[in-house]
Amino acid sequence: MAPFVDPSLNLPIVVCPKCEHVSVRRKHPISRFWSNARRVDTALSIILVQTILAGILLGLITGMIWALADTAIMYDQSAIDFAIGAFTYDDIETSSGTIIVRQRDGLDIALLVTAALCAITGVWLTATFAHHRLARRWLGGVSALLMCVSLNWIGWGYQSLFALITSQPSLHGVARFDDQFNAWIIRVALLFGCVVVMLAASPIGIPARWVLRIFRGALWRKQLRRARFAKGRDE
Amino acid sequence: MTDDPKQAVAPPKPAESDPDGEITGVIQGDRVCIQCGFNLHGQRIVRESKYNLLIARCPECGQAAALQEYPLLGRWSNRWAAALAGLWLVLFLVLSIGTGMLIFGLSVGTTEISAEDLEHTIAEVHNAWVVSFNPDAKPQSHWEPVDIHWWEGVDKAALFGESGGVSAVFWRSSQTTWIALFFAMLVIGCFGSVALLGVSRVRQLLAVLFPIAVASAASILFIRANITTISGTSVRPQELARLMIWEWTFPTTIALGGVFLVCGMLLGRPLARLIARIALPDRFAQALAVLWTADGKQPPGRSR
(Lines give C-alpha, C1' and ligand atoms only; values in the text may rest on other atoms or scores of the structure.)
Protein backbone atom coordinates (compact mmCIF):
# COMPACT_ATOMS: atom_id res chain seq x y z
CA MET A 1 0.00 0.00 0.00
CA ALA A 2 1.25 3.45 -0.85
CA PRO A 3 1.36 5.75 2.19
CA PHE A 4 0.11 9.32 2.21
CA VAL A 5 2.10 12.05 3.95
CA ASP A 6 0.14 13.79 6.65
CA PRO A 7 0.93 17.55 6.47
CA SER A 8 0.72 18.16 10.24
CA LEU A 9 2.99 15.27 11.21
CA ASN A 10 5.09 15.02 8.03
CA LEU A 11 5.03 11.23 8.37
CA PRO A 12 4.07 8.55 5.79
CA ILE A 13 0.76 7.21 7.11
CA VAL A 14 -0.79 3.86 6.16
CA VAL A 15 -4.36 2.95 7.14
CA CYS A 16 -5.38 -0.68 7.10
CA PRO A 17 -8.39 -0.97 4.73
CA LYS A 18 -9.84 -3.79 6.79
CA CYS A 19 -9.51 -2.73 10.46
CA GLU A 20 -8.62 0.95 9.86
CA HIS A 21 -5.62 0.70 12.17
CA VAL A 22 -3.21 3.57 11.49
CA SER A 23 0.52 2.93 11.24
CA VAL A 24 3.52 4.92 10.13
CA ARG A 25 5.62 3.47 7.34
CA ARG A 26 9.19 3.40 8.45
CA LYS A 27 12.53 2.32 7.17
CA HIS A 28 13.63 -1.25 7.76
CA PRO A 29 15.75 -1.47 10.96
CA ILE A 30 18.76 -2.74 8.98
CA SER A 31 18.89 0.36 6.77
CA ARG A 32 18.32 2.53 9.86
CA PHE A 33 21.16 0.70 11.63
CA TRP A 34 23.53 1.58 8.79
CA SER A 35 22.50 5.22 8.76
CA ASN A 36 23.17 5.38 12.52
CA ALA A 37 26.46 3.57 12.05
CA ARG A 38 27.44 6.15 9.43
CA ARG A 39 26.70 8.97 11.87
CA VAL A 40 28.80 7.30 14.57
CA ASP A 41 31.53 6.67 11.99
CA THR A 42 31.55 10.37 11.04
CA ALA A 43 31.77 11.43 14.70
CA LEU A 44 34.55 8.93 15.44
CA SER A 45 36.44 9.97 12.28
CA ILE A 46 36.35 13.62 13.39
CA ILE A 47 37.57 12.62 16.86
CA LEU A 48 40.34 10.48 15.35
CA VAL A 49 41.55 13.20 12.97
CA GLN A 50 41.39 15.89 15.67
CA THR A 51 43.20 13.66 18.18
CA ILE A 52 45.95 12.82 15.70
CA LEU A 53 46.35 16.48 14.76
CA ALA A 54 46.38 17.51 18.43
CA GLY A 55 48.96 14.83 19.18
CA ILE A 56 51.20 15.84 16.28
CA LEU A 57 51.02 19.59 16.95
CA LEU A 58 51.33 19.26 20.73
CA GLY A 59 54.17 16.76 20.38
CA LEU A 60 56.10 18.84 17.86
CA ILE A 61 55.70 22.15 19.71
CA THR A 62 56.53 20.59 23.07
CA GLY A 63 59.52 18.80 21.55
CA MET A 64 60.82 22.02 20.00
CA ILE A 65 60.29 23.97 23.26
CA TRP A 66 62.04 21.23 25.20
CA ALA A 67 64.98 21.10 22.77
CA LEU A 68 65.31 24.90 22.61
CA ALA A 69 65.16 25.16 26.44
CA ASP A 70 67.86 22.49 26.77
CA THR A 71 70.02 24.41 24.26
CA ALA A 72 69.42 27.66 26.18
CA ILE A 73 70.53 25.90 29.38
CA MET A 74 73.57 24.53 27.57
CA TYR A 75 74.47 28.06 26.45
CA ASP A 76 73.72 29.35 29.96
CA GLN A 77 71.30 31.97 28.59
CA SER A 78 67.88 33.27 29.60
CA ALA A 79 65.03 32.40 27.21
CA ILE A 80 64.65 35.97 25.88
CA ASP A 81 68.39 36.58 25.37
CA PHE A 82 68.58 33.22 23.72
CA ALA A 83 65.64 33.87 21.38
CA ILE A 84 66.93 37.32 20.37
CA GLY A 85 70.51 36.12 20.07
CA ALA A 86 69.54 33.23 17.82
CA PHE A 87 68.96 35.69 14.95
CA THR A 88 72.02 37.88 15.49
CA TYR A 89 74.55 35.40 14.12
CA ASP A 90 77.11 36.73 16.62
CA ASP A 91 79.47 34.80 18.77
CA ILE A 92 78.42 34.87 22.39
CA GLU A 93 80.27 34.39 25.60
CA THR A 94 78.87 32.06 28.25
CA SER A 95 79.63 32.27 31.97
CA SER A 96 82.31 29.63 31.48
CA GLY A 97 83.97 31.86 28.94
CA THR A 98 83.36 29.65 25.90
CA ILE A 99 82.75 31.35 22.56
CA ILE A 100 80.02 29.68 20.51
CA VAL A 101 78.87 30.56 17.02
CA ARG A 102 75.07 30.27 17.04
CA GLN A 103 74.70 30.12 13.29
CA ARG A 104 76.21 26.64 13.15
CA ASP A 105 73.49 25.16 15.29
CA GLY A 106 70.64 26.30 13.05
CA LEU A 107 68.85 27.83 16.01
CA ASP A 108 67.23 30.49 13.86
CA ILE A 109 65.70 27.75 11.70
CA ALA A 110 64.56 25.87 14.81
CA LEU A 111 62.86 29.01 16.13
CA LEU A 112 61.22 29.69 12.76
CA VAL A 113 59.95 26.10 12.57
CA THR A 114 58.52 26.44 16.09
CA ALA A 115 56.85 29.72 15.13
CA ALA A 116 55.38 28.10 11.99
CA LEU A 117 54.02 25.19 14.07
CA CYS A 118 52.49 27.67 16.52
CA ALA A 119 50.89 29.59 13.66
CA ILE A 120 49.40 26.37 12.26
CA THR A 121 48.09 25.50 15.74
CA GLY A 122 46.49 28.95 16.08
CA VAL A 123 44.74 28.58 12.71
CA TRP A 124 43.67 25.01 13.53
CA LEU A 125 42.23 25.99 16.93
CA THR A 126 40.24 28.85 15.39
CA ALA A 127 39.04 26.93 12.34
CA THR A 128 37.98 23.62 13.89
CA PHE A 129 37.07 24.40 17.51
CA ALA A 130 34.53 27.12 16.76
CA HIS A 131 31.94 25.21 18.80
CA HIS A 132 33.80 26.29 21.95
CA ARG A 133 33.79 29.81 23.34
CA LEU A 134 36.91 31.84 22.52
CA ALA A 135 38.20 31.94 26.12
CA ARG A 136 37.61 28.23 26.69
CA ARG A 137 39.26 27.33 23.38
CA TRP A 138 42.45 29.22 24.14
CA LEU A 139 42.51 28.29 27.80
CA GLY A 140 42.25 24.63 26.78
CA GLY A 141 45.00 24.91 24.15
CA VAL A 142 47.40 26.79 26.43
CA SER A 143 46.67 24.46 29.38
CA ALA A 144 47.44 21.42 27.22
CA LEU A 145 50.75 22.95 26.12
CA LEU A 146 51.60 24.02 29.67
CA MET A 147 50.87 20.51 30.88
CA CYS A 148 53.16 19.05 28.21
CA VAL A 149 56.08 21.36 29.05
CA SER A 150 55.56 20.63 32.77
CA LEU A 151 55.74 16.84 32.38
CA ASN A 152 59.18 16.88 33.98
CA TRP A 153 57.48 17.54 37.34
CA ILE A 154 55.54 14.30 37.08
CA GLY A 155 58.73 12.33 36.45
CA TRP A 156 60.60 14.22 39.13
CA GLY A 157 57.78 13.84 41.67
CA TYR A 158 57.42 10.16 40.91
CA GLN A 159 61.16 9.49 41.26
CA SER A 160 61.40 11.54 44.45
CA LEU A 161 58.36 9.81 45.96
CA PHE A 162 59.74 6.33 45.32
CA ALA A 163 63.21 7.39 46.44
CA LEU A 164 61.60 8.50 49.70
CA ILE A 165 59.42 5.40 50.11
CA THR A 166 62.15 2.89 49.30
CA SER A 167 65.07 4.93 50.74
CA GLN A 168 66.98 4.26 47.53
CA PRO A 169 67.83 7.71 46.13
CA SER A 170 71.41 6.74 45.39
CA LEU A 171 70.52 3.94 42.97
CA HIS A 172 69.42 6.35 40.23
CA GLY A 173 70.24 10.03 40.32
CA VAL A 174 67.14 12.05 41.15
CA ALA A 175 67.54 15.49 39.59
CA ARG A 176 67.77 18.47 41.93
CA PHE A 177 64.73 20.69 42.41
CA ASP A 178 66.61 23.87 41.43
CA ASP A 179 67.73 22.43 38.08
CA GLN A 180 64.21 21.22 37.35
CA PHE A 181 62.73 24.61 38.21
CA ASN A 182 65.21 26.62 36.13
CA ALA A 183 64.65 24.41 33.07
CA TRP A 184 60.89 24.66 33.54
CA ILE A 185 60.96 28.47 33.77
CA ILE A 186 62.81 28.67 30.42
CA ARG A 187 60.28 26.31 28.83
CA VAL A 188 57.37 28.37 30.17
CA ALA A 189 58.98 31.56 28.80
CA LEU A 190 59.34 29.92 25.37
CA LEU A 191 55.73 28.72 25.64
CA PHE A 192 54.60 32.29 26.26
CA GLY A 193 56.29 33.28 22.98
CA CYS A 194 54.53 30.39 21.24
CA VAL A 195 51.12 31.51 22.55
CA VAL A 196 51.74 35.04 21.24
CA VAL A 197 52.47 33.61 17.76
CA MET A 198 49.36 31.40 17.97
CA LEU A 199 47.14 34.35 18.86
CA ALA A 200 48.67 36.45 16.07
CA ALA A 201 47.95 33.71 13.50
CA SER A 202 44.45 32.90 14.77
CA PRO A 203 42.56 35.44 12.54
CA ILE A 204 43.60 33.33 9.52
CA GLY A 205 41.48 30.58 11.07
CA ILE A 206 38.25 32.50 10.39
CA PRO A 207 38.45 32.35 6.55
CA ALA A 208 39.81 28.81 6.93
CA ARG A 209 36.62 27.92 8.82
CA TRP A 210 34.53 29.37 5.94
CA VAL A 211 36.49 27.35 3.41
CA LEU A 212 35.93 24.20 5.48
CA ARG A 213 32.23 24.95 5.70
CA ILE A 214 31.94 25.53 1.94
CA PHE A 215 33.86 22.32 1.27
CA ARG A 216 31.62 20.34 3.65
CA GLY A 217 28.50 21.83 2.09
CA ALA A 218 29.70 20.93 -1.41
CA LEU A 219 30.43 17.39 -0.25
CA TRP A 220 26.98 17.09 1.31
CA ARG A 221 25.26 18.39 -1.84
CA LYS A 222 27.22 15.94 -3.96
CA GLN A 223 26.13 13.04 -1.75
CA LEU A 224 22.53 14.26 -1.85
CA ARG A 225 22.60 14.50 -5.67
CA ARG A 226 23.94 10.95 -5.88
CA ALA A 227 21.28 9.65 -3.50
CA ARG A 228 18.50 11.41 -5.45
CA PHE A 229 19.86 10.12 -8.72
CA ALA A 230 19.99 6.56 -7.34
CA LYS A 231 16.44 6.87 -5.97
CA GLY A 232 15.13 8.18 -9.29
CA ARG A 233 16.85 5.34 -11.12
CA ASP A 234 15.29 2.73 -8.77
CA GLU A 235 11.81 4.17 -9.22
CA MET B 1 19.54 2.35 20.80
CA THR B 2 16.06 1.11 21.58
CA ASP B 3 13.07 1.16 19.27
CA ASP B 4 10.75 -0.91 21.38
CA PRO B 5 8.01 1.43 22.63
CA LYS B 6 7.65 -0.67 25.79
CA GLN B 7 11.27 -0.06 26.67
CA ALA B 8 11.33 3.53 25.52
CA VAL B 9 8.26 4.73 27.40
CA ALA B 10 8.46 5.78 31.03
CA PRO B 11 5.41 5.54 33.37
CA PRO B 12 2.76 8.06 32.23
CA LYS B 13 1.94 11.31 33.99
CA PRO B 14 -1.78 11.82 33.35
CA ALA B 15 -2.01 15.44 34.53
CA GLU B 16 0.27 16.83 31.79
CA SER B 17 -0.88 17.83 28.30
CA ASP B 18 0.70 18.96 25.02
CA PRO B 19 -0.65 20.82 21.94
CA ASP B 20 -0.38 17.52 20.01
CA GLY B 21 -2.35 15.54 22.60
CA GLU B 22 -2.04 13.63 25.86
CA ILE B 23 1.49 13.08 27.25
CA THR B 24 2.13 9.44 28.00
CA GLY B 25 5.81 9.45 29.01
CA VAL B 26 9.33 10.38 27.92
CA ILE B 27 11.85 8.70 25.62
CA GLN B 28 14.46 7.03 27.78
CA GLY B 29 16.64 5.41 25.11
CA ASP B 30 18.57 7.00 22.24
CA ARG B 31 16.49 7.90 19.21
CA VAL B 32 17.64 10.37 16.61
CA CYS B 33 15.34 12.71 14.71
CA ILE B 34 14.79 11.46 11.15
CA GLN B 35 15.05 15.00 9.80
CA CYS B 36 17.90 16.75 11.67
CA GLY B 37 19.55 13.92 13.60
CA PHE B 38 18.93 15.47 17.02
CA ASN B 39 18.84 12.91 19.84
CA LEU B 40 15.29 12.71 21.17
CA HIS B 41 16.34 11.23 24.51
CA GLY B 42 14.19 12.77 27.25
CA GLN B 43 11.54 14.19 24.88
CA ARG B 44 7.85 13.82 25.76
CA ILE B 45 5.83 11.05 24.09
CA VAL B 46 2.39 12.23 23.05
CA ARG B 47 -0.65 10.30 21.88
CA GLU B 48 -1.76 12.61 19.11
CA SER B 49 -5.48 13.09 18.67
CA LYS B 50 -5.88 12.72 14.88
CA TYR B 51 -4.67 9.12 14.31
CA ASN B 52 -4.18 8.08 17.95
CA LEU B 53 -0.47 7.53 17.20
CA LEU B 54 2.35 7.74 19.74
CA ILE B 55 4.74 10.48 18.60
CA ALA B 56 7.55 12.65 19.93
CA ARG B 57 8.39 16.07 18.49
CA CYS B 58 11.99 17.04 17.78
CA PRO B 59 12.66 20.25 19.77
CA GLU B 60 15.13 21.42 17.11
CA CYS B 61 13.20 21.04 13.83
CA GLY B 62 9.67 20.14 14.97
CA GLN B 63 9.58 16.86 12.99
CA ALA B 64 7.32 14.21 14.53
CA ALA B 65 8.89 10.83 15.25
CA ALA B 66 6.55 7.87 15.20
CA LEU B 67 7.06 5.31 17.95
CA GLN B 68 4.95 2.48 16.54
CA GLU B 69 6.73 -0.08 14.39
CA TYR B 70 5.93 -2.97 12.17
CA PRO B 71 7.17 -6.33 13.40
CA LEU B 72 10.32 -7.53 11.66
CA LEU B 73 9.67 -9.43 8.47
CA GLY B 74 12.72 -11.72 8.48
CA ARG B 75 14.63 -13.66 11.10
CA TRP B 76 18.02 -12.63 9.83
CA SER B 77 18.26 -9.55 12.00
CA ASN B 78 17.86 -11.73 15.11
CA ARG B 79 20.39 -14.21 13.75
CA TRP B 80 22.86 -11.44 13.06
CA ALA B 81 22.28 -10.03 16.53
CA ALA B 82 22.98 -13.44 18.12
CA ALA B 83 26.11 -13.90 15.98
CA LEU B 84 27.37 -10.44 16.91
CA ALA B 85 26.70 -11.09 20.59
CA GLY B 86 28.67 -14.35 20.38
CA LEU B 87 31.51 -12.63 18.55
CA TRP B 88 31.52 -9.89 21.16
CA LEU B 89 31.75 -12.44 23.97
CA VAL B 90 34.67 -14.22 22.27
CA LEU B 91 36.44 -10.89 21.72
CA PHE B 92 35.89 -9.94 25.36
CA LEU B 93 37.33 -13.26 26.56
CA VAL B 94 40.34 -13.01 24.24
CA LEU B 95 41.07 -9.42 25.33
CA SER B 96 40.64 -10.33 29.02
CA ILE B 97 43.02 -13.28 28.70
CA GLY B 98 45.43 -11.07 26.73
CA THR B 99 45.30 -8.45 29.50
CA GLY B 100 45.93 -11.13 32.12
CA MET B 101 48.89 -12.46 30.14
CA LEU B 102 50.25 -8.93 29.75
CA ILE B 103 50.15 -8.45 33.53
CA PHE B 104 51.83 -11.83 33.93
CA GLY B 105 54.51 -10.90 31.37
CA LEU B 106 55.20 -7.63 33.15
CA SER B 107 55.43 -9.54 36.46
CA VAL B 108 58.10 -11.77 34.91
CA GLY B 109 59.88 -8.68 33.56
CA THR B 110 59.70 -6.99 36.98
CA THR B 111 61.24 -10.08 38.57
CA GLU B 112 64.01 -10.24 35.96
CA ILE B 113 64.95 -6.58 36.34
CA SER B 114 64.61 -6.44 40.12
CA ALA B 115 66.75 -9.59 40.55
CA GLU B 116 69.86 -7.99 39.01
CA ASP B 117 71.28 -6.57 42.27
CA LEU B 118 70.62 -9.77 44.15
CA GLU B 119 72.26 -12.00 41.52
CA HIS B 120 75.41 -9.85 41.65
CA THR B 121 75.44 -10.15 45.45
CA ILE B 122 74.99 -13.94 45.25
CA ALA B 123 77.89 -14.20 42.79
CA GLU B 124 80.10 -12.00 45.00
CA VAL B 125 79.37 -13.98 48.19
CA HIS B 126 79.91 -17.23 46.28
CA ASN B 127 83.25 -15.94 44.97
CA ALA B 128 84.31 -15.05 48.54
CA TRP B 129 83.36 -18.56 49.66
CA VAL B 130 85.38 -20.17 46.81
CA VAL B 131 88.41 -17.97 47.55
CA SER B 132 88.23 -18.94 51.25
CA PHE B 133 89.37 -22.49 50.46
CA ASN B 134 91.06 -21.92 47.11
CA PRO B 135 92.90 -18.54 47.09
CA ASP B 136 94.02 -19.03 43.45
CA ALA B 137 90.45 -19.46 42.13
CA LYS B 138 89.38 -17.08 39.36
CA PRO B 139 86.34 -14.93 40.33
CA GLN B 140 83.13 -16.00 38.57
CA SER B 141 80.73 -13.64 36.86
CA HIS B 142 77.09 -13.46 37.91
CA TRP B 143 75.86 -15.62 35.06
CA GLU B 144 78.12 -18.58 35.88
CA PRO B 145 76.57 -21.33 38.04
CA VAL B 146 77.18 -21.59 41.77
CA ASP B 147 77.43 -24.70 43.97
CA ILE B 148 73.98 -25.73 45.17
CA HIS B 149 75.40 -27.25 48.38
CA TRP B 150 76.93 -23.88 49.22
CA TRP B 151 73.60 -22.26 48.51
CA GLU B 152 71.74 -24.55 50.91
CA GLY B 153 73.93 -23.34 53.81
CA VAL B 154 73.72 -19.61 53.01
CA ASP B 155 71.76 -17.19 55.25
CA LYS B 156 69.35 -16.07 52.54
CA ALA B 157 67.70 -13.28 54.55
CA ALA B 158 71.10 -11.67 55.24
CA LEU B 159 72.04 -12.02 51.58
CA PHE B 160 68.78 -10.38 50.49
CA GLY B 161 69.33 -7.56 52.99
CA GLU B 162 72.87 -7.06 51.70
CA SER B 163 71.59 -6.54 48.16
CA GLY B 164 69.20 -3.80 49.33
CA GLY B 165 66.22 -5.89 50.40
CA VAL B 166 62.61 -5.30 49.44
CA SER B 167 63.08 -1.53 49.07
CA ALA B 168 65.71 -2.06 46.36
CA VAL B 169 63.37 -4.49 44.57
CA PHE B 170 60.51 -2.00 44.67
CA TRP B 171 62.76 0.88 43.61
CA ARG B 172 63.92 -0.96 40.51
CA SER B 173 60.35 -2.05 39.70
CA SER B 174 59.00 1.46 40.13
CA GLN B 175 61.56 2.89 37.70
CA THR B 176 61.01 0.32 34.95
CA THR B 177 58.16 -2.13 34.45
CA TRP B 178 55.59 -0.55 36.76
CA ILE B 179 55.56 2.57 34.59
CA ALA B 180 54.79 0.42 31.53
CA LEU B 181 52.18 -1.46 33.59
CA PHE B 182 50.53 1.79 34.61
CA PHE B 183 50.13 3.12 31.07
CA ALA B 184 49.15 -0.24 29.56
CA MET B 185 46.47 -0.96 32.18
CA LEU B 186 45.16 2.59 32.12
CA VAL B 187 44.65 2.45 28.33
CA ILE B 188 43.09 -1.04 28.49
CA GLY B 189 40.86 0.04 31.40
CA CYS B 190 39.66 3.11 29.50
CA PHE B 191 38.93 1.01 26.41
CA GLY B 192 37.12 -1.62 28.52
CA SER B 193 35.02 1.01 30.26
CA VAL B 194 33.76 2.35 26.92
CA ALA B 195 33.42 -1.11 25.35
CA LEU B 196 31.25 -2.29 28.27
CA LEU B 197 28.87 0.65 28.06
CA GLY B 198 25.75 -1.37 28.76
CA VAL B 199 27.25 -2.93 31.87
CA SER B 200 26.83 -1.41 35.33
CA ARG B 201 29.82 0.04 37.18
CA VAL B 202 29.84 -2.79 39.76
CA ARG B 203 29.85 -5.49 37.07
CA GLN B 204 32.54 -3.60 35.15
CA LEU B 205 34.76 -3.62 38.21
CA LEU B 206 34.01 -7.32 38.71
CA ALA B 207 35.17 -7.90 35.12
CA VAL B 208 38.64 -6.74 36.24
CA LEU B 209 38.88 -9.88 38.39
CA PHE B 210 39.00 -12.08 35.28
CA PRO B 211 42.37 -10.84 33.89
CA ILE B 212 43.74 -10.76 37.45
CA ALA B 213 42.74 -14.41 37.88
CA VAL B 214 44.38 -15.27 34.53
CA ALA B 215 47.59 -13.47 35.56
CA SER B 216 47.60 -15.18 38.97
CA ALA B 217 47.04 -18.64 37.47
CA ALA B 218 49.78 -18.12 34.86
CA SER B 219 52.16 -16.88 37.59
CA ILE B 220 51.56 -19.90 39.82
CA LEU B 221 52.17 -22.28 36.90
CA PHE B 222 55.31 -20.37 35.89
CA ILE B 223 56.79 -20.34 39.41
CA ARG B 224 56.05 -24.04 39.93
CA ALA B 225 57.74 -24.86 36.62
CA ASN B 226 60.79 -22.80 37.62
CA ILE B 227 61.12 -24.40 41.05
CA THR B 228 61.06 -27.89 39.59
CA THR B 229 63.78 -27.06 37.04
CA ILE B 230 66.38 -26.45 39.82
CA SER B 231 68.19 -29.77 40.18
CA GLY B 232 71.74 -31.14 39.97
CA THR B 233 74.79 -29.70 41.70
CA SER B 234 74.92 -26.19 40.31
CA VAL B 235 72.51 -23.37 39.61
CA ARG B 236 72.85 -19.89 38.14
CA PRO B 237 72.63 -16.89 40.54
CA GLN B 238 69.99 -15.39 38.23
CA GLU B 239 67.59 -18.27 38.92
CA LEU B 240 68.27 -18.16 42.67
CA ALA B 241 67.69 -14.41 42.77
CA ARG B 242 64.42 -14.76 40.87
CA LEU B 243 63.22 -17.46 43.24
CA MET B 244 64.04 -15.26 46.23
CA ILE B 245 62.14 -12.20 45.07
CA TRP B 246 59.18 -13.59 43.15
CA GLU B 247 57.09 -13.64 46.32
CA TRP B 248 57.45 -9.84 46.38
CA THR B 249 57.35 -8.95 42.69
CA PHE B 250 54.56 -11.19 41.39
CA PRO B 251 51.81 -10.36 43.94
CA THR B 252 52.70 -6.65 43.96
CA THR B 253 52.78 -6.34 40.17
CA ILE B 254 49.51 -8.27 39.74
CA ALA B 255 47.79 -6.22 42.47
CA LEU B 256 49.06 -2.98 40.93
CA GLY B 257 47.86 -4.17 37.50
CA GLY B 258 44.38 -4.61 39.00
CA VAL B 259 44.46 -1.19 40.65
CA PHE B 260 45.57 0.54 37.42
CA LEU B 261 42.93 -1.38 35.46
CA VAL B 262 40.23 -0.19 37.88
CA CYS B 263 41.56 3.39 37.57
CA GLY B 264 41.29 3.08 33.78
CA MET B 265 37.76 1.69 34.10
CA LEU B 266 36.70 4.60 36.29
CA LEU B 267 38.37 7.20 34.06
CA GLY B 268 37.40 5.72 30.67
CA ARG B 269 33.88 7.04 30.20
CA PRO B 270 34.43 10.55 31.61
CA LEU B 271 37.55 10.76 29.44
CA ALA B 272 35.65 9.58 26.33
CA ARG B 273 32.91 12.14 27.04
CA LEU B 274 35.51 14.88 27.52
CA ILE B 275 37.23 14.03 24.22
CA ALA B 276 33.87 13.96 22.41
CA ARG B 277 32.89 17.32 23.96
CA ILE B 278 36.22 18.89 23.00
CA ALA B 279 36.49 17.53 19.46
CA LEU B 280 32.86 17.51 18.30
CA PRO B 281 30.19 20.16 17.86
CA ASP B 282 26.92 19.19 19.61
CA ARG B 283 25.39 18.20 16.28
CA PHE B 284 28.00 15.44 15.77
CA ALA B 285 28.21 14.56 19.47
CA GLN B 286 24.55 13.50 19.28
CA ALA B 287 25.67 10.36 17.45
CA LEU B 288 27.69 9.36 20.53
CA ALA B 289 24.89 10.23 22.99
CA VAL B 290 25.08 6.70 24.38
CA LEU B 291 28.27 7.75 26.19
CA TRP B 292 26.11 10.05 28.31
CA THR B 293 22.84 8.14 28.49
CA ALA B 294 24.63 4.94 29.64
CA ASP B 295 25.54 6.75 32.85
CA GLY B 296 22.17 8.49 33.18
CA LYS B 297 23.57 11.85 32.08
CA GLN B 298 22.12 14.37 29.62
CA PRO B 299 23.75 14.30 26.16
CA PRO B 300 25.34 17.56 24.98
CA GLY B 301 23.12 20.17 23.36
CA ARG B 302 20.05 19.00 25.22
CA SER B 303 17.29 21.62 25.18
CA ARG B 304 14.22 20.62 27.12
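Within every chain, numbering begins at 1; the chains are lettered A, B, ... in the order of the sequence lines, protein sequences first and strands thereafter.
No more than 12 heavy atoms of other residues, nucleotides or ligands shown are found within 6.0 angstrom of CZ on Phe183(B). More than 12 heavy atoms of other shown residues, nucleotides or ligands fall within 6.0 angstrom of atom CH2 in Trp66(A). Crowding of Trp210(A) atom CH2: a count of heavy atoms from other residues, nucleotides or ligands under 6.0 Å not exceeding 12. With a 6.0 Å radius and a threshold of 12 heavy atoms from other residues, nucleotides or ligands, Arg137(A) has its CZ atom above the threshold.
Ranking Ile278(B), Val166(B), Ile179(B) against chain A, the residue ahead of the rest is Ile278(B), based on heavy-atom pairs under 4.5 Å. Chosen from Leu11(A), Asp41(A), Val40(A), the residue pairing most often with chain B at heavy-atom distances under 4.5 Å is Leu11(A). Counting heavy-atom pairs closer than 4.5 Å to chain A, the top residue among Ala276(B), Gly165(B), Ala279(B), Gly62(B) is Ala279(B).
To the nearest 0.5 angstrom, Glu48(B) atom CD is 7.5 Å from Asp6(A) atom CG. Of the inter-residue distances, the one linking Leu280(B) atom CG with Gln50(A) atom CD reads 8.5 Å to the nearest 0.5 angstrom. Atom OH of residue Tyr51(B) and atom CG of residue Leu9(A) lie 6.5 Å apart, to the nearest 0.5 angstrom.
Closest heavy-atom contact between Lys50(B) and Ser8(A): NZ-OG, 4.3 Å.
Tested against Val24(A) for a side chain to side chain contact (heavy atoms under 4.5 Å, CB included), the candidates Leu54(B), Leu53(B), Ile55(B) yield a single pass: Leu53(B).
Residues Ile275(B) and Ile47(A) are in side-chain contact: their nearest non-hydrogen atoms beyond the backbone lie under 4.5 Å apart. The side-chain heavy atoms of Gln286(B) and Arg39(A), taken from C-beta on, include a pair separated by under 4.5 Å.
At a 4.5 Å heavy-atom cutoff, the contact between Leu288(B) and chain A is made by side-chain atoms alone. If you measure heavy-atom distances from Ala285(B) to chain A, you find no contacts under 4.5 Å at all.
Listed for the His132(A) side chain is no donor-acceptor partner under 3.5 Å among the backbone atoms of Pro281(B).
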